[in-house]
Amino acid sequence: MAYRALDETSILDYIRNRPKLKMHFSDLSALTASEVGDGNLNLVFIVRNNSHSSEAMIIKQALP
């Protein structure tokens with residue numbers, strides 16, 4: 001698999017395709033993501049379940 005920088009859309013697909021990540025959310029169709037890093041060294045996203053406000057995850061991706 002080739003390296004690619006994630007964005008607010010592709011991070012959701014990334015979570016939905018990884019069993020150990022998606023098990024943390026009860027409603028995968030209600031996920032939203034927002035980038036909170038400056039994109040200089042890492043990409044940092046907050047992923048939230050809009051159906052259950054207590055379900056959230058921070059994901060960091062290192063850039064090459």
Side-chain angles (χ1 to χ4, degrees):
M1 180 185 203
Y3 178 89
R4 66 181 174 115
L6 298 171
D7 60 30
E8 292 177 347
T9 302
S10 61
I11 190 74
L12 300 178
D13 292 332
Y14 180 83
I15 290 169
R16 291 179 183 125
N17 288 303
R18 294 197 168 53
K20 288 187 178 184
L21 295 179
K22 72 181 185 180
M23 68 184 272
H24 294 280
F25 297 103
S26 59
D27 184 0
L28 296 175
S29 66
L31 297 182
T32 58
S34 56
E35 186 178 354
V36 295
D38 61 8
N40 189 18
L41 296 174
N42 300 296
L43 296 174
V44 180
F45 300 92
I46 299 176
V47 179
R48 293 181 174 95
N49 181 344
N50 289 332
S51 295
H52 298 359
S53 60
S54 63
E55 296 177 8
M57 180 181 293
I58 305 284
I59 296 185
K60 180 179 100 172
Q61 181 186 27
L63 296 173

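Everything numeric here is computed off the predicted structure, so don't read it as measured data.
Side-chain contact between V47 and L12: present, with at least one pair of heavy atoms (C-beta onward) separated by less than 4.5 Å. At least one side-chain heavy atom of Q61 sits under 4.5 Å from a side-chain heavy atom of Y3. Within the 4.5 Å cutoff, the side chain of D7 has no heavy atoms near those of the E35 side chain. Between E55 and S26 there is a side-chain heavy-atom pair separated by less than 4.5 Å.
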**OP:** Go through the steps to decide whether D13 and S10 satisfy the test side-chain hydrogen bond (donor to acceptor under 3.5 Å, both in side chains), and finish with yes or no.
**Re:** CA-CA 5 Å; D13 292 332; S10 61; over 6 Å; no
Original post:
Hey, mind stepping through F25 and L31 against side chain to side chain contact (heavy atoms under 4.5 Å, CB included) and telling me if it holds?
Top reply: CA-CA 8 Å; F25 297 103; L31 297 182; 3.4 Å; yes
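The shortest heavy-atom contact between N42 and K60 is CB-CG, 3.8 Å. Scanning both residues, L21 and M57, for their nearest heavy atoms gives O-CE, 3.7 Å. For the pair K22 and I15, the tightest heavy-atom approach, listed with the atom from each and the gap, is CB-O, 3.4 Å. Between N40 and L63, the shortest heavy-atom contact is O-CD1, 4.1 Å.
V36 is not connected to F45 by any chain of hydrophobic side-chain contacts under 4.5 Å among Ile, Leu, Val, Met, Phe, Trp and Tyr, and they are in different clusters.
Here M23 is tied to no hydrophobic group at all, with no ILVMFWY side chain closer than 4.5 Å.
From I11, atom CD1 reaches atom CD1 of I59 across 4.0 Å, with rounding to the nearest 0.5 Å.
For D27, the side chain to side chain contact (heavy atoms under 4.5 Å, CB included) partners at least two apart in sequence or on another chain are S29, A30, N49, S51. For S34, there are no side chain to side chain donor-acceptor pair (under 3.5 Å) partners at least two apart in sequence or on another chain.
For R16 and Y14, the positive end is not near the middle of the six-membered ring at less than 6.0 Å and at most 45° from its axis.
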